[in-house]
Amino acid sequence: MIEIIFYILSALTLGSAFMTVLSKNPIHSAIWLVVSFFSIAGHYALFNSQFLAMVHIIVYSGAIMILMLFTIMLMNLNISKEISKPFFTKLIAVVCFCLIGLVLVSALIQNAPAVESYVATGKDYQSIEVLGKILLNEFVVPFEMAAVLLLMAMIGAVLISKKDKTTA
């Protein structure tokens with residue numbers, strides 16, 4: 001059953017990733033990217049890493065995609081104004097993509113797995129309870145500093161993007 005879910009999630013991830021790249025409308029492309037992020041979070045859940053799945057949904061599907069959508073909408077991209085690329089440029093891009101893919105596949109085939117044997121210790125280091133205890137006991141200061149840094153970045157982004165109301 002898990003194997004079937006894995007194949008369905010894999011097909012969904014690959015299909016939505018292709019639609020992200022092939023979609024002409026930037027808003028549709030961003031929505032397909034959200035679908036791809038959710039299916040990747042499903043893979044994390046299959047690996048019994050619920051915390052990583054939830055963080056992936058919150059951070060990538062939530063925060064980053066909202067920022068990307070706001071950026072796309074602020075840039076006011078219009079498809080009718082876009083110039084079509086010449087065929088030669090598209091051909092070079094496809095050839096470069098295939099060569100990079102070939103290099104990555106050959107590197108993956110030649111390398112052996114880093115872990116040759118897995119020994120179960122009985123401790124679950126991926127559980128939310130253990131991560132919460134570590135995060136809020138040992139790493140509470142860096143955790144709070146990261147929260148303040150993100151808050152300052154959000155305030156700075158709002159102030160930079162704010163239009164000046166004074167007119168001459």
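None of these values were measured; they are calculated from a predicted model.
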Check: If you draw a 6.0 Å radius around CD1 in I4, do more than 12 non-hydrogen atoms from other residues or ligands fall strictly inside?
Finding: no
Margin query: Take a 6.0 Å sphere around CD1 of I2 and say whether it holds more than 12 heavy atoms from other residues, nucleotides or ligands.
Written below: no
Check: If every non-hydrogen atom of S29 is compared with every non-hydrogen atom of T20, which pair is closest and at what distance?
Finding: OG-O, 2.6 Å
Notebook entry, point to check: Nearest heavy-atom pair of S23 and H28: which atoms, and what distance?
Noted result: OG-CB, 3.3 Å
Next item on the list: Answer whether the closest heavy-atom distance between the side chains of K90 and I92 falls below 4.5 Å.
Entry: no
Can you tell me how far [atom2] of [Y] sits from [atom1] of [X], rounded to the nearest 0.5 angstrom?
| X | Y | atom1 | atom2 | result |
| --- | --- | --- | --- | --- |
| I5 | S10 | CD1 | OG | 11.5 Å |
| N137 | F139 | CG | CZ | 11.0 Å |
| L12 | H43 | CG | NE2 | 8.0 Å |
| L99 | L104 | CG | CG | 11.0 Å |
| L102 | C98 | CG | SG | 8.5 Å |

Item checked: Matching residue for V141 among E138, E144, M145 - test: side chain to side chain contact (heavy atoms under 4.5 Å, CB included) -> M145
If Ile, Leu, Val, Met, Phe, Trp and Tyr residues are connected whenever their side-chain heavy atoms lie under 4.5 Å apart, and connections chain through other members, are [X] and [Y] in the same group?
| X | Y | result |
| --- | --- | --- |
| I58 | V55 | no |
| F6 | I8 | no |
| M54 | Y60 | yes |

Next item on the list: Would you please name every residue forming a side chain to side chain contact (heavy atoms under 4.5 Å, CB included) with M152, sequence neighbours left out?
Entry: V148, L149
Distance-only check: which donor-acceptor pairs under 3.5 Å involve side-chain atoms of residues 31-40, not counting sequence neighbours?
unit_1	atom_1	unit_2	atom_2	d
S39	OG	T13	OG1	2.7
S39	OG	V35	O	3.3
S39	OG	S36	O	2.8

